[in-house]
Amino acid sequence: MNEITIIKPDDWHLHFRDQDMLLETVPATARCFERAVVMPNLVPPVTTAELALSYKERILAARPEGSSFTPIMTIYLTDKTSVQDIKDAKNAGVLAAKMYPAGATTNSDSGVNSLESLYPVFEALADNDILLLIHGEVTQKHIDIFDREKEFIDQHMVKIVERVPHLKVVFEHITTKEAADFVLSARDGVAATITPQHLLLNRNDMLDGGVRPHNYCLPVLKRSTHQEALRAVVKSGSPKFFLGTDSAPHAKHRKESDCGCAGCYSAWSALELYTQVFDELDALDKLEGFASIYGADFYGLPRNTETVTLVRESWEVPSNIILPNGEPIVPFFAGKQVAWKLK
């Protein structure tokens, strides 16, 4: 097969950042995605419905002319989030709330310290048909960073899913076999997003032969056995797993520093790279479900009606992209060949 046409996909997890950065990130996503779930970890974070609506207006203002791209807004849960905050979010049309354990990733310092105290909020989310999106890692420093996702499942995820049985939960950007197995065996209303980097790479791609900071993301890349487990579940066609790029832009100097930022900016190549993965797995017939159907169905939204076509054509991801402020950013897969191209 040298050409494939699918329902126009959505990105169910990404980071746009804010202000001038939107002039780069919004068009990059709008080129091939109809909708995207926008993460709220700005500085300061998007913790209320009012802040979410204001952020949405800034995103819409950065859309290319004539684009129908629609951002799906989220709010950021903190230890101070109230049931009223959730009701206000519902009234504002917010579809999801993001929970970061405090300190788990970029701009997560305002995240949750006490999960136990948030159960009334989780109940309110369920009662208001708002999804809970979870960055599933513990942050205890004595726990090995490669084990933090599994520990979160054991310590917290099982309890959340069981104690609030009517809550829809998305286990974001899963990286391990344990997470894939958990989602597969979980009750209805539990799903997961998977990134291109965790399907294409493992920790050797970050550490072998020298540290590669542009492959550094959180949750961190894992062993090849975990990468293969993720590839197996997308090949299976299970509707519990769908596309979420976790595209996360950082200026080059912030990645290549003594405390480099976590995140891979994949927006300009993600759909093509997912297609490459499904091609490698001899599972191109499963791409449309993963990219265009399962996420919309899980969120309870209509499937898109337009289509996009990808062709088997090799091209090279640029080594740099220049941000509106003149700073360079190194995109994911920079300087490498991609086997598929958006027509």
Side-chain angles (χ1 to χ4, degrees), residues 10-16 18 26 33-42 44-61 63 68-102 107-108 110-136 156-157 159-172 186-193 240 242 244 294-304:
D10 303 300
D11 187 345
W12 298 101
H13 181 111
L14 61 61
H15 302 264
F16 276 146
D18 205 356
V26 175
F33 294 109
E34 181 66 19
R35 298 171 291 204
V37 174
V38 183
M39 293 299 105
N41 59 330
L42 304 183
V46 180
T47 54
T48 66
E50 182 180 6
L51 290 171
L53 291 177
S54 176
Y55 186 26
K56 183 177 183 178
E57 288 303 311
R58 299 195 296 277
I59 294 168
L60 291 174
R63 288 188 304 184
S68 60
F69 171 77
T70 302
I72 296 172
M73 305 313 294
T74 63
I75 61 167
Y76 184 115
L77 299 182
T78 74
D79 292 332
K80 297 180 180 179
T81 301
S82 68
V83 170
Q84 186 60 50
D85 289 330
I86 303 307
K87 292 178 180 178
D88 292 343
K90 173 68 173 180
N91 291 334
V94 172
L95 296 186
K98 182 65 184 286
M99 192 201 76
Y100 296 96
N107 299 340
S108 64
S110 299
V112 174
N113 289 288
S114 174
L115 263 173
E116 195 67 28
S117 66
L118 270 192
Y119 275 95
V121 171
F122 295 161
E123 291 281 356
L125 290 173
D127 292 342
N128 287 277
D129 297 319
I130 295 178
L131 282 73
L132 174 62
L133 316 181
I134 296 180
H135 181 115
H156 303 295
M157 188 66 88
K159 294 178 184 177
I160 293 169
V161 168
E162 289 180 350
R163 286 179 60 175
V164 194
H166 53 312
L167 176 63
K168 278 191 170 181
V169 177
V170 181
F171 198 164
E172 298 286 14
R187 62 165 172 79
D188 289 345
V190 178
T193 55
K240 283 176 166 275
F242 42 84
Y294 303 151
D297 290 355
F298 190 81
Y299 270 74
L301 296 174
R303 299 174 185 178
N304 298 322

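A quick note: this is a predicted structure, and the numbers were derived from the prediction, not measured.
The main-chain N or O of Ala49 is never found under 3.5 Å from a side-chain atom of Asp88 such that the two would form a donor-acceptor pair. Looking only at distances, no side-chain donor or acceptor of Arg58 sits under 3.5 Å from a matching main-chain atom of Asp18. Looking only at distances, a side-chain donor or acceptor of Asp85 sits under 3.5 Å from a matching main-chain atom of Ser82.
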field: Intermediate values then yes/no, side chain to side chain contact (heavy atoms under 4.5 Å, CB included), Leu14 and Phe33
entry: CA-CA 11 Å; Leu14 61 61; Phe33 294 109; 5.8 Å; no
task: Any chance you could lay out the side chain to side chain contact (heavy atoms under 4.5 Å, CB included) test for Val37 and Val170, step after step, and finish with the verdict?
output: CA-CA 12 Å; Val37 174; Val170 181; over 6 Å; no
field: Trace of the side chain to side chain contact (heavy atoms under 4.5 Å, CB included) decision for Lys87 with Asp127
entry: CA-CA 9 Å; Lys87 292 178 180 178; Asp127 292 342; over 6 Å; no
- request: Might you work through the side chain to side chain contact (heavy atoms under 4.5 Å, CB included) test for Phe122 and Val169, ending with a clear yes or no?
  value: CA-CA 10 Å; Phe122 295 161; Val169 177; over 6 Å; no
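Separation of atoms CZ (Phe298) and CG (Asp188) is listed at 9.0 Å; rounding is to 0.5 Å. Between the CG atom of Leu53 and the NZ atom of Lys56 there is a distance of 7.0 Å, given to the nearest 0.5 Å. From Ile75, atom CD1 reaches atom CD1 of Ile86 across 4.0 Å, with rounding to the nearest 0.5 Å. Atom CZ of Phe69 sits about 8.0 Å away from atom CG of Asp11, to the nearest 0.5 Å. The line from CG of Leu95 to OG1 of Thr74 is 9.5 Å long, rounded to the nearest 0.5 Å. Note that the CE atom of Met73 and the CD1 atom of Ile59 stand 4.0 Å from one another [nearest 0.5 Å].
Taking every heavy atom of both residues into account, Pro120 and Ser117 meet most closely at CD-O, 3.5 Å. Between Ser114 and Asp79, the shortest heavy-atom distance links the atoms N-OD1, 3.4 Å. Scanning all heavy atoms of the two residues, the minimum distance from Arg187 to Leu167 falls at NH2-O, 2.8 Å. Between Ser68 and Glu34, the shortest heavy-atom contact is OG-OE2, 2.9 Å. Nearest heavy-atom pair, Pro101 versus His135, reported as atom, atom and distance to 0.1 Å: CD-O, 3.1 Å. When all heavy atoms of Ile160 and Leu115 are compared, the pair lying nearest together is CD1-CD2, 4.3 Å.
With a 4.5 Å cut-off on side-chain heavy atoms, Tyr119 and Lys159 count as touching. Looking at heavy atoms from C-beta onward, Leu60 lies in side-chain contact with Pro71 at the 4.5 angstrom threshold. Counting only heavy atoms from C-beta outward, the side chains of Val112 and Thr81 never approach each other to under 4.5 Å. Residues Phe16 and Val26 have side chains in contact (heavy-atom distance under 4.5 Å, counting atoms from C-beta outward).
In the displayed structure, Lys168 atom NZ is contacted under 6.0 Å by more than 12 heavy atoms of other residues, nucleotides or ligands. By the neighbour-count criterion of 12 heavy atoms within 6.0 Å, atom CG of Asn91 is densely surrounded, having more than that number from other residues, nucleotides or ligands.
In this structure, Arg163 pairs ionically with Glu116, as a charged nitrogen and a carboxylate oxygen lie closer than 4.0 Å.
Applying the ring-ring contact (aromatic ring centres under 6.0 Å, His included) rule to His15 yields the partners His13; only residues at least two apart in sequence or on another chain are considered. Applying the ring-ring contact (aromatic ring centres under 6.0 Å, His included) rule to Tyr55 yields no partners; only residues at least two apart in sequence or on another chain are considered. With sequence neighbours left out, the side-chain hydrogen bond (donor to acceptor under 3.5 Å, both in side chains) criterion links Arg35 to Asp10, Asn304.
When Leu125, Thr78, Ile134, Leu133 are each tested for a side-chain contact (heavy atoms from CB on, under 4.5 Å) with Met99, only one passes: Ile134.
Between Tyr100 and Tyr76, the ring planes are tilted. Angles from 30° to 60° get that label. Using cut-offs of 30° and 60° for the angle between ring planes, the Trp12 and Phe242 rings count as perpendicular.
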